[in-house]
Amino acid sequence: MSASMKRQKQDLTALGEDYATKYGFHDPVDYFHKGAKGINHEVVEMISRMKKEPKWMTDKRHEALDIFFSKPTPQWGNTKLLNDINYDDIYYFMKPIEEQQTSWDDVPEYIKKTFDKLGIPQAEREFLGGVTAQYESQVVYHSMRDDLKKKGIVFLDSDSALVEHPDIVEKYFSTVVPSADNKFAALNTAAWSGGSFLYVPPGVDVQVPLQAYFRINAENVGQFERTLIIADKGSRVHYIEGCTAPIYSTESLHCAVVEVIGLEGSYIRYTTIQNWARNILNLVTKRASAHKNATIEWVDGNLGSRLSMKYPCIQLIGEGARGEILSVAFAGRDQHQDAGAKMIHAAPNTSSRITSKSISKANGRASYRGLAKVYKNAENSKVSVVCDALLIGEEARSDTYPTMEIDSEKVSVEHEARVSKVAEEQLFYLTSRGLSEDEARLLIVNGFMEPFTKELPLEYAVELNRLIELEMEGSIG
Amino acid sequence: MHTQDSEYTIPDTKPELERGPLWLRNRRRLSRDDFNRTPLPHRALHLWRYTNPTSFLSPLTDTADISDSEDYGDAEKTSLKHLKEGDLAGLVTDLGGREIKGYGLDQLTVRGVVVSPLSRAVEEHHDLVEQYLYGLVNSQTGKFEGLNGALWNDGIFIYIPDNITVENPINLHRLAGRAGSARFHRLLVVVGANAEVTVVDEYGGGSPDTGDNPSYTNSAVEIFGLENSRTRYVALQRQTRGANSYLTHRARIERGASMLTIPLSFGGALSKQNFGVILNGKGAESNMFGLLFGNGRQHFDNHTLHHHTSGQTKSNINMKVVLRDKALSAYTGLIRIEKDSQVCEAYQENRNLLLSHGAMARTIPELEILNDDVSCSHGATVGPIDPQILFYLQSRGVEKEDAVRMIVSGFVASTLTLVPEDLRQRIDDFVARRLEDI
Amino acid sequence: MGKYTGIASTSDIPEGKLKVYEIDYHRILIAHTSNGFHAVADECTHDRVSLGEGCIHDDEIVCPAHGARFNLRTGAVVAPPAVVPLDTIELKIEGDEIFVLLEE
């Protein structure tokens with residue numbers, strides 16, 4: 001690193017050691033009891049100490065914080081909401097004890113109504129509403145862990161993984177998304193807490209989908225989750241996170257980073273359904289690296305939040321690698337789903353497919369931002385991109401900004417996009433067969449989403465269909 | 001070499017700023033002020049991602065003469081021949097935006113059609129010119145449009161009165177200057193209600209090769225198509241291999257009017273062209289059919305815009321790109337449909353054929369749709385010649401180069417068939433000449 | 001085919017520094033490390049940004065935009081988000097002149 005950075009680093013280390021004398025605190029937890037908001041090097045040092053992290057991680061956090069301060073806010077996407085973020089008004093680690101307990105009364109009405117309609121059991125409601133820290137299926141999780149452990153699979157929250165398996169974490173952490181990648185990746189690297197860590201040893205086929213849902217507790221419904229997934233050579237795994245039921249959190253900025261690595265010949269499917277409450281800004285950097293003959297699939301559903309900016313990316317860096325991204329976005333009243341997909345072909349004989357489906361209703365805005373980049377050494381590669389947007393209602397808005405940068409002549413690239421509303425003829429056909437207009441519209445929307453829902457495990461698909469039904473009825477939001 | 005942008009401002013003393021009546025001088029000064037205070041466009045914008053804006057900071061002082069390249073002389077001879085044979089309604093030569101000469105225009109003048117230098121039109125048709133000039137392309141459009149707005153010397157004005165149909169094309173020849181020169185072109189076309197015209201706008205000449213001294217051209221084209229008018233505009237870019245060229249075209253068509261735009265990008269070292277049509281009245285329809293052929297180290301950066309500000313409008317874009325050697329084409333096409341523009345149809349297709357290793361294509365078809373009652377789609381493809389077809393032709397005794405040419409012709413054929421019959425021959429001729437080099 | 005073209009003198013670039021030159025459409029970066037002079041294409045393979053404002057550390061160059069790192073001798077990627085190596089250019093020194101091999 002440069003001389004000035006070296007000097008800065010020395011200052012920071014000194015800071016940590018001097019802490020007690022400098023600030024007169026004896027117990028670091030005390031610091032947080034005083035209700036500290038905002039982020040700076042002291043906060044970062046404390047986060048790292050409380051988690052008992054190895055020095056390399058502490059250094060990385062400090063370095064990332066400097067990068068965060070030096071980068072400007074992106075001036076694309078929903079610039080109004082992005083420029084309005086007040087970074088000093090956020091708790092970056094722990095809220096003061098007095099403020100930790102959310103009462104059931106605090107949970108917004110529309111969320112409670114959704115729980116009702118979806119038939120969510122009470123205990124689960126409290127968990128999703130952030131009212132309780134414990135979740136019954138913790139028990140399920142623990143027994144699953146024992147089975148996995150026998151095969152050598154490591155499936156933990158990221159904090160524990162760093163402490164229990166520091167070597168694997170150090171080997172892969174930040175190798176796909178570096179701190180300097182963008183402002184929010186830098187913030188996450190400085191302040192991260194929670195998230196999943198999954199390592200599958202060579203040749204192991206994890207037959208049951210692993211669900212993060214079982215592993216989280218309300219505290220870890222984290223603002224700055226850091227997830228790292230590694231499938232070693234020839235292994236296979238399906239990982240699912242999120243759920244269709246809405247999740248409520250009082251902290252309105254969620255800034256996650258997900259890194260996925262598929263080593264030679266492996267297969268990873270990563271399914272996410274995001275349905276954050278409507279007060280949340282959800283800014284995620286998720287990227288995967290597929291090595292030789294590996295296959296990586298993202299199945300990405302964006303239903304909630306006030307603004308979601310998320311562009312899952314697959315880098316095909318080994319010959320014969322394959323990537324697929326299937327993305328669905330539903331933008332209802334006052335929502336902006338700014339989603340997309342990026343495929344980077346950096347090796348020969350690679351293939352990819354992007355399917356993006358979006359629905360905008362009321363004054364919702366769904367945007368697709370994509371990139372298909374084929375480097376000149378990526379001969380014999382194939383890329384296919386299909387974007388379909390359905391608009392419901394006069395105020396709905398859809399934007400499509402796909403970019404294709406092709407530097408090799410021995411490849412085939414295709415892109416297609418369509419924007420339409422629910423077709424009169426289709427509606428007429430269905431209503432003339434006895435369906436009400438609402439029912440007809442719902443059926444059409446379900447049909448539109450079908451390529452996505454059929455890729456979900458059954459219980460998710462069922463819940464998703466129920467949720468869409470509620471959105472279409474207009475009974476939510 | 002690229003000029004440093006912080007030093008680059010238009011001084012108060014440029015003689016162009018004094019040309020014209022008071023209202024025009026004021027507009028020039030406004031353009032100059034806007035240009036001087038606007039920073040260079042940010043490279044992160046899609047519009048400027050692939051081309052360095054400093055490439056268009058043309059020298060502000062030059063004494064280079066008008067080019068007299070042989071190639072251009074040929075083109076002029078061909079046009080004069082067409083004129084004599086009655087295939088053209090008129091011919092205008094625009095020498096570096098300084099000397100505008102008309103040929104064979106009597107037949108038009110007799111019917112009330114105006115084809116004249118802007119310097120004369122600002123006196124003789126001041127109401128029309130003042131009403132429309134700078135209406136679509138001005139310093140608010142962009143920094144380099146501001147440069148043009150201040151420094152254009154003389155340009156061309158075409159006015160077709162209501163209900164007049166001009167059957168044959170009016171041909172314009174715009175000639176770039178020599179190495180190191182900077183020329184500004186301006187065209188204003190106003191097509192009256194229910195009137196009809198075809199304008200073929202050819203850009204030629206320029207510095208012969210690359211090296212440190214390209215020639216610079218900056219052209220602004222504004223076309224107003226009033227109610228029920230029918231306008232066809234062909235823009236043929238065939239400047240030399242040392243030419244830097246910047247073109248912004250904007251057309252606005254009203255109720256019931258139609259517009260056909262045919263961009264043909266064949267020449268220049270670095271060419272950035274921005275074509276836009278605003279569909280501003282019910283029943284308006286716009287089509288754009290474009291072809292691009294690049295080889296050597298040519299760099300093309302093209303944009304199209306179809307902006308539906310009124311409902312019940314229809315637009316369609318079909319662009320074909322063929323690249324060889326290390327040529328690069330970047331194409332950004334935006335379709336924007338406003339909130340109150342219901343019942344619109346908009347389509348866009350861009351296909352890129354890459355003939356060699358090192359050719360590069362960027363394509364970004366964009367959509368901004370603000371209401372739900374639309375039917376809108378776009379598609380883009382990038383790929384090489386189908387090796388099976390090539391093999392088939394070669395196995396039938398066709399030489400490889402000829403086979404490639406045949407396949408390329410086939411590739412562009414589906415776009416060429418969209419060109420109306422009477423224009424087709426002309427376009428085919430332009431394409432055939434270009435294909436000889438590809 | 002290519003030919004060697006003179007591009008700079010060794011005294012133009014102190015150790016630890018780099019400079020960007022443009023010849024005939026090629027943008028070339030010359031870096032002076034403790035191991036001597038290296039020539040690479042001046043374009044980060046990640047997002048095509050110029051490396052001119054980047055910095056040198058040992059044998060590596062860091063891109064100022066997103067932190068990608070490349071080995072100056074081999075062009076190999078050392079740190080993400082780049083995934084494709086940097087193009088290296090043959091360089092030779094004659095006397096105190098630096099020459100680079102440019103293709104036609």
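Order of the sequence lines fixes the chain letters, A, B, ..., with proteins taken first and strands second; residue numbering starts at 1 for each chain.
Of the residues considered (Leu328(B), Asn371(B), Ile337(B)), Asn371(B) shows the highest number of contacts with chain A, using heavy-atom pairs under 4.5 Å. Among the candidates Ala330(B), Ser356(B), Gly379(B), the residue making the largest number of heavy-atom pairs closer than 4.5 Å to chain A is Ser356(B). With chain B as the partner, the residue from Val422(A), Val413(A), Val385(A) showing the most heavy-atom pairs under 4.5 Å is Val413(A). Contacts with chain A were tallied for Ala361(B), Ala359(B), Ser375(B), Pro387(B); Ala361(B) has the most, counting heavy-atom pairs under 4.5 Å. Most heavy-atom pairs under 4.5 Å with chain B: of the set Val386(A), Val419(A), Val383(A), this distinction falls to Val419(A). Of the listed residues (Glu416(A), Lys373(A), Glu405(A)), the greatest number of heavy-atom pairs within a distance under 4.5 Å of chain B belongs to Glu405(A). Considering only heavy-atom pairs separated by less than 4.5 Å from chain B, the leading option among Asn363(A), Val374(A), Leu391(A), Ile406(A) is Ile406(A). For chain A, the option among Leu367(B), Asp340(B), Leu354(B) with the highest count of heavy-atom pairs below 4.5 Å is Leu367(B). The choice from Ser367(A), Ser412(A), Ala396(A), Ala389(A) that makes the most heavy-atom pairs within less than 4.5 Å of chain B is Ala396(A).
There is no contact between Leu371(A) and chain B, counting heavy-atom distances below 4.5 Å. If you measure heavy-atom distances from Gln342(B) to chain A, the contacts under 4.5 Å come from the side chain alone. For a residue to count as touching a neighbouring chain, one of its non-hydrogen atoms must lie under 4.5 Å from one of that chain's; by this rule Tyr331(B) does not touch chain A. For chain B, the nearby parts of Thr403(A) are the backbone and the side chain; heavy atoms of each come within less than 4.5 Å.
The distance from atom CG of Asn350(B) to atom CE of Met404(A), rounded to the nearest 0.5 Å, is 8.0 Å. One finds the OG1 atom of Thr400(A) at 10.5 Å from the CG atom of Leu334(B) (value rounded to the nearest 0.5 Å). Atom CD of residue Glu368(B) and atom CZ of residue Arg397(A) lie 5.5 Å apart, to the nearest 0.5 angstrom. Separation of atoms NZ (Lys410(A)) and CD1 (Ile385(B)) is listed at 12.5 Å; rounding is to 0.5 Å.
In Arg43(B), the CZ atom is crowded: over 12 heavy atoms of neighbouring residues, nucleotides or ligands sit closer than 6.0 Å. For Arg362(B), the CZ atom is densely surrounded, since the number of other residues' heavy atoms within 6.0 Å is greater than 12. For Lys286(A), the NZ atom is densely surrounded, since the number of other residues' heavy atoms within 6.0 Å is greater than 12. In Lys376(A), the NZ atom is not crowded: 12 or fewer heavy atoms of neighbouring residues, nucleotides or ligands sit closer than 6.0 Å.
Judged purely by atom type and a 3.5 angstrom limit, Asp372(B) uses its side chain to pair as donor or acceptor with the backbone of Gly393(A).
Note on Asp399(A) versus Arg336(B): no salt bridge recorded, every NZ/NE/NH1/NH2 to OD/OE distance being 4.0 Å or above. Ion pairing between a basic and an acidic side chain is recognised when a charged N comes within 4.0 Å of a carboxylate O; Glu414(A) and Arg351(B) show no such pairing.
Between Pro365(B) and Pro402(A) the shortest side-chain heavy-atom distance falls below 4.5 Å. Annotation: side chain of His378(B) is in contact with side chain of His415(A) (closest heavy-atom distance under 4.5 Å).
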